[in-house]
There are 2 protein chains.
Amino acid sequence: MQSTCPLSALRNLLKARELDGMLIPRADAHQSEDCAPHDNKLEFISGFTGSAGLALILADRALLFVDGRYQVQARHQVDLEAFEIHHLHEEPIHLWLRDNLPAGKRIAFEPLLMVNSQYENLRASGCDLVAVNDDPLNDIWPARPAAPCGLIKSMPDEISGESSANKRQRVAAALTAAGADYLALTLPDNIAWLLNVRGSDIAMNPVPHSFALVKNNGDIEWFVAREKLHQLSDETLSQVTLASPEDFLSRCEAIAADKRIWLDGDYAPVAVRFAVEAGHGRVIWQPDPITLMKANKNEVELAGYRASHIDDGAAWVNFLAWLSHEVPLREAAGNPITELEAQEKQLEFRKLCDNFQQQSFSTISAAGSNAAMCHYHSSPETNHAITGHEFYLNDSGGQYTNGTTDATRTLSFGQVDAQRRLHYTAVLKGFLALITLQFPQGAQGHQLDAFARRPLWELGLDYDHGTGHGVGHNLLIHENPHRMAKKVNPWPLLPGNILTIEPGYYLDGSHGIRIENQVEVVASQPGFCKFASLTLIPVDLSAVDLSLLNEQEIAWLDEYHLWVRETLSPRVSSEARPWLFEATAPVRARLAG
Amino acid sequence: MQSTCPLSALRNLLKARELDGMLIPRADAHQSEDCAPHDNKLEFISGFTGSAGLALILADRALLFVDGRYQVQARHQVDLEAFEIHHLHEEPIHLWLRDNLPAGKRIAFEPLLMVNSQYENLRASGCDLVAVNDDPLNDIWPARPAAPCGLIKSMPDEISGESSANKRQRVAAALTAAGADYLALTLPDNIAWLLNVRGSDIAMNPVPHSFALVKNNGDIEWFVAREKLHQLSDETLSQVTLASPEDFLSRCEAIAADKRIWLDGDYAPVAVRFAVEAGHGRVIWQPDPITLMKANKNEVELAGYRASHIDDGAAWVNFLAWLSHEVPLREAAGNPITELEAQEKQLEFRKLCDNFQQQSFSTISAAGSNAAMCHYHSSPETNHAITGHEFYLNDSGGQYTNGTTDATRTLSFGQVDAQRRLHYTAVLKGFLALITLQFPQGAQGHQLDAFARRPLWELGLDYDHGTGHGVGHNLLIHENPHRMAKKVNPWPLLPGNILTIEPGYYLDGSHGIRIENQVEVVASQPGFCKFASLTLIPVDLSAVDLSLLNEQEIAWLDEYHLWVRETLSPRVSSEARPWLFEATAPVRARLAG
């Protein structure tokens with residue numbers, strides 16, 4: 001070891017290899033949203049822990065590119081003597097390279113960590129991009145965490161609703177129709193869906209890191225670490241040919257000659273393209289067909305979602321009843337409940353359910369101004385008291401054996417001033433406008449998004465995040481391809497798609513509001529669809545200006561609360577039941593009372 | 001002449017040139033929506049008169065591709081012994097060629113009539129595309145109408161609001177910023193805007209057919225027929241170098257060496273690309289910068305729009321007052337007013353205004369089931385009576401010296417059944433939902449479109465056209481680039497943009513409803529915009545179920561009608577004034593009455 005400083009060590013390494021620089025993205029070979037510590041090279045080299053970013057290490061400069069969310073955090077976490085902080089979107093790396101480096105500089109990148117569209121952008125920068133395939137940082141990272149080696153379990157057909165053999169034939173038919181010989185799979189949730197397995201490489205993400213090749217006759221080669229397979233059924237194993245993940249790229253090269261290999265240009269590592277081209281194969285660039293197949297949930301999956309939401313709803317009600325009871329008492333006693341205590345208690349309630357496995361994402365438990373940060377997670381340093389004069393926002397969910405949940409409620413335990421009431425009412429009205437919508441089958445998310453924003457727009461306000469995302473079936477919490485957002489999303493919404501509806505409003509330094517239900521798209525009148533709620537949690541109406549609700553909005557709330565009450569009252573604790581009844585009372589009763 | 005049949009003549013010509021086929025689109029070199037008879041090769045060869053389509057003539061087959069609107073009309077107009085009818089969108093020509101012709105067939109096309117994106121699609125079909133530049137159909141078309149030669153007039157700076165010299169400098173700056181040496185202009189309205197001229201090659205389209213080259217120092221070469229220029233001011237002529245349109249392509253080739261030529265890939269003929277490449281120049285593919293400059297109207301243009309709409313509104317009110325008075329009398333007398341009579345009378349009222357020049361498009365004057373055809377135009381054969389028991393739809397507008405108008409009203413002169421009332425109310429509510437919207441500055445049309453559809457969606461209904469389009473300033477009625485529609489439109493909406501808002505509903509064989517105002521985008525709260533109506537015409541409320549309107553909708557209608565009444569009452573005829581007062585009465589008064 002020449003140096004214990006990662007940056008110096010990397011620079012020595014670059015010098016030895018006659019490289020002018022290296023790109024280090026926060027990415028693994030599976031474009032995972034959550035990155036295993038083993039794969040977090042960006043944190044190793046820079047100290048930055050955010051969920052997105054990219055470093056460029058040159059001989060005499062080091063640059064960290066992060067998006068708007070992380071401008072402050074990055075400046076706290078990295079050594080500003082060593083790193084310049086840039087904006088990931090306002091100053092894209094390929095433009096920075098074009099404008100700041102002389103053409104022909106040799107810049108290294110790891111083609112397993114970059115997808116084709118990123119690579120093509122970089123290529124246009126004029127740099128001489130040098131692919132490095134030997135994981136060079138490994139040599140300078142003595143304390144590197146081990147690669148994740150989470151056990152993989154079979155997902156029974158009774159829960160997935162379709163055998164892997166059947167799915168395989170559907171995928172094979174898609175390959176044949178597209179004139180493809182092979183499909184290269186690199187997305188963990190698509191592999192999990194196809195093989196009817198669930199993994200455990202990263203907490204809360206029940207998907208296995210692995211690769212697969214599907215032939216157009218349905219044969220599957222699965223490139224997965226053997227150590228992960230102890231608990232897999234023989235039936236699952238008998239349907240695939242096993243190989244080591246290290247052999248994936250060489251196998252892609254070996255099979256490629258005169259073949260057409262289907263790759264997803266937005267998700268497959270460009271390393272796969274290089275392998276196919278080295279083997280004299282031809283790439284067919286198309287979205288992974290499994291992404292859309294997986295998004296169209298079958299009846300068994302839908303039944304699983306519904307059941308898991310009843311379990312999750314009962315846990316929510318038990319939690320909210322407890323919280324509503326305790327907040328004023330503990331505040332009066334001078335020992336208020338905190339964000340962290342609340343989220344621990346909520347997890348306890350979830351754990352009472354047999355089907356609960358783990359959280360589906362890191363809970364956002366945020367009181368007062370903490371909730372104004374969309375991506376806030378509580379820590380001992382930020383842990384805020386939950387009291388009667390501030391909103392409390394809870395965004396959480398569970399992985400259940402038969403489904404995945406994601407919901408947000410914003411709660412008030414006391415007086416609400418006029419501004420907060422106006423904002424809360426606008427968010428609720430946006431939520432109701434979208435959740436009550438009937439829309440043509442096949443409409444796209446960007447066509448519907450603005451319904452959730454209009455009540456805020458009327459006040460000259462807006463929120464800077466999407467309105468809804470897909471949710472996997474005991475898979476990833478943010479499942480592609482469907483989104484409802486301002487950004488164009490070309491995928492038609494069809495019965496059986498699962499989405500969230502989650503408008504919000506955030507006033508920096510003051511408060512944050514978000515109301516989120518998970519929904520399924522269901523057929524309604526001929527050619528039209530609606531959203532049917534999966535989430536069963538009372539919507540707090542104590543901060544609403546009820547006079548601003550119209551008949552349609554009141555009708556939806558009353559019908560929803562009746563359904564929640566009738567479904568959950570047999571399932572919640574006896575302590576929680578009175579709270580449930582109060583929280584689901586009709587709007588008319590509130591107006592009268 | 002070997003034959004008087006165009007198809008045989010063309011086949012002989014193809015044979016003589018050793019071509020296997022030829023593509024004949026309905027297009028001119030300017031991608032005009034309306035095609036001069038001289039340019040309507042598709043009608044000459046097939047007899048089809050629709051506004052969009054494409055023929056493929058082979059030695060033994062002839063195919064006509066038309067869209068959904070024209071499937072019926074095409075079958076009436078063309079010889080089905082000679083032509084097969086195909087669907088322009090469901091079976092795109094390039095896929096038909098790929099799937100039905102052996103590779104290497106020599107298919108002729110005229111590169112002046114095809115844009116780059118179409119050419120690239122065709123190229124992928126496997127055919128050997130043969131560019132023909134000598135207008136071959138001219139030789140087999142003895143009775144070909146002359147090329148249009150409409151006089152061109154100067155548009156005074158007092159009406160355009162900006163001198164051509166100033167516009168030229170802005171365009172030159174855009175070229176410099178993009179690293180372009182030249183901009184090749186082929187769009188008639190962009191040339192008209194840049195030079196502050198108006199043309200008359202095609203009725204109702206006050207734009208000149210011509211080409212132009214703008215250098216990055218602001219110099220302009222204008223390729224235009226000299227015969228069109230008699231009335232142009234010396235000032236206008238002194239600012240350009242004149243050349244013949246026939247010399248445009250050779251000039252593009254001559255200037256191209258080592259130069260970067262800016263072309264709009266969606267509108268510039270691919271012939272220009274070929275010329276640039278032949279001259280060893282490089283093409284920069286970007287939307288024509290004038291398209292966006294032109295869409296951001298200046299204060300003088302906006303004042304002109306507003307004034308022209310007052311003139312047009314007075315003509316509408318005079319017409320509607322006359323119509324409302326006459327329809328029952330004439331029906332009772334057994335001599336009902338017809339669609340054609342109504343539109344002639346309306347034109348008379350418009351002609352009373354000094355600033356009126358001509359109609360801005362062919363009036364749609366449609367009674368009863370005729371209105372269910374979105375693109376209906378009345379003819380002696382279809383001329384329907386306007387009576388008390390059917391809706392009457394009028395969609396019309398004028399070219400005024402200082403602006404262009406486009407509006408639609410649907411009227412009822414008698415009893416309206418429950419279904420029509422429901423449909424009319426839903427269309428009105430959609431119109432109101434969009435016209436009352438406050439939205440973030442820079443929002444895109446596809447984000448807003450659905451507000452106008454929601455009341456219909458709630459009934460399981462929809463309309464199969466866009467919700468709004470740009471309108472030129474004494475230019476084209478459908479002005480790019482802004483659209484509000486389901487289709488993605490990437491152009492941000494900003495103050496100074498002009499649009500229509502025109503939801504509708506059409507029940508085949510029964511009735512058609514559309515309500516259309518022209519609006520300007522205006523700034524409102526910080527970062528937000530609203531629509532301000534330009535159109536001043538009472539909205540017929542006699543077919544509305546008023547109980548379905550909410551407070552916001554009623555408030556808008558009352559405010560709008562008050563503005564219409566106060567603005568127009570001094571300007572309409574004394575006969576029309578009582579009708580105007582009645583038609584603009586507040587909703588409350590109607591509910592009370």
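In the text below, chain A, chain B and the rest are named by the order of the sequence lines, each starting its count at 1.
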| What about the rings of B/His446 and A/His446, do their centers lie closer together than 6.0 Å? | yes
| Of all heavy-atom pairs between B/Tyr505 and B/Asp462, which one has the smallest distance, and what is that distance? | CD1-O, 3.6 Å
| query | What part of A/Gln552 is in contact with chain B, defined as an atom under 4.5 angstrom from a non-hydrogen atom: side chain, backbone, both or neither? | reply | side chain
| said: At a 4.5 Å cut-off on heavy atoms, which part of A/Thr436 comes close to chain B: side chain, backbone, both, or neither? | reply: both
| field | chain B contact via A/Phe451 - which portion, at a heavy-atom distance below 4.5 Å | value | both
| request: Under 4.5 Å, counting heavy-atom pairs only, tell me which of A/Leu456, A/Asn550, A/Leu461, A/Asp449 racks up the most with chain B. | output: A/Leu461
| Reported CZ-to-CG distance for the pair A/Arg454 and A/Leu459, which is rounded to 0.5 angstrom | 12.0 Å
| request: Tell me, for B/Ala433 versus chain A, whether the close heavy atoms (under 4.5 Å) come from the side chain, the backbone, both or neither. | output: both
| task | Below 4.5 Å from any heavy atom of chain B, which atoms of A/Gln525 appear? Answer side chain, backbone, both or neither. | result | side chain
| request: Fit a plane to each ring of B/Phe531 and B/Phe439, take the angle between them on a 0 to 90° scale, and name the class: parallel (under 30°), tilted (30 to 60°) or perpendicular (over 60°). | output: tilted
| task | State yes or no: are the ring centers of B/His511 and B/His423 separated by less than 6.0 Å? | result | yes
| Between A/Trp556 and A/Tyr560, what is the ring plane arrangement, given parallel below 30°, perpendicular above 60°, and tilted in between? | parallel
| Choice from B/Gly527, B/Ala443, B/Pro440, B/Pro490 maximising heavy atom contacts with chain A below 4.5 Å | B/Pro440
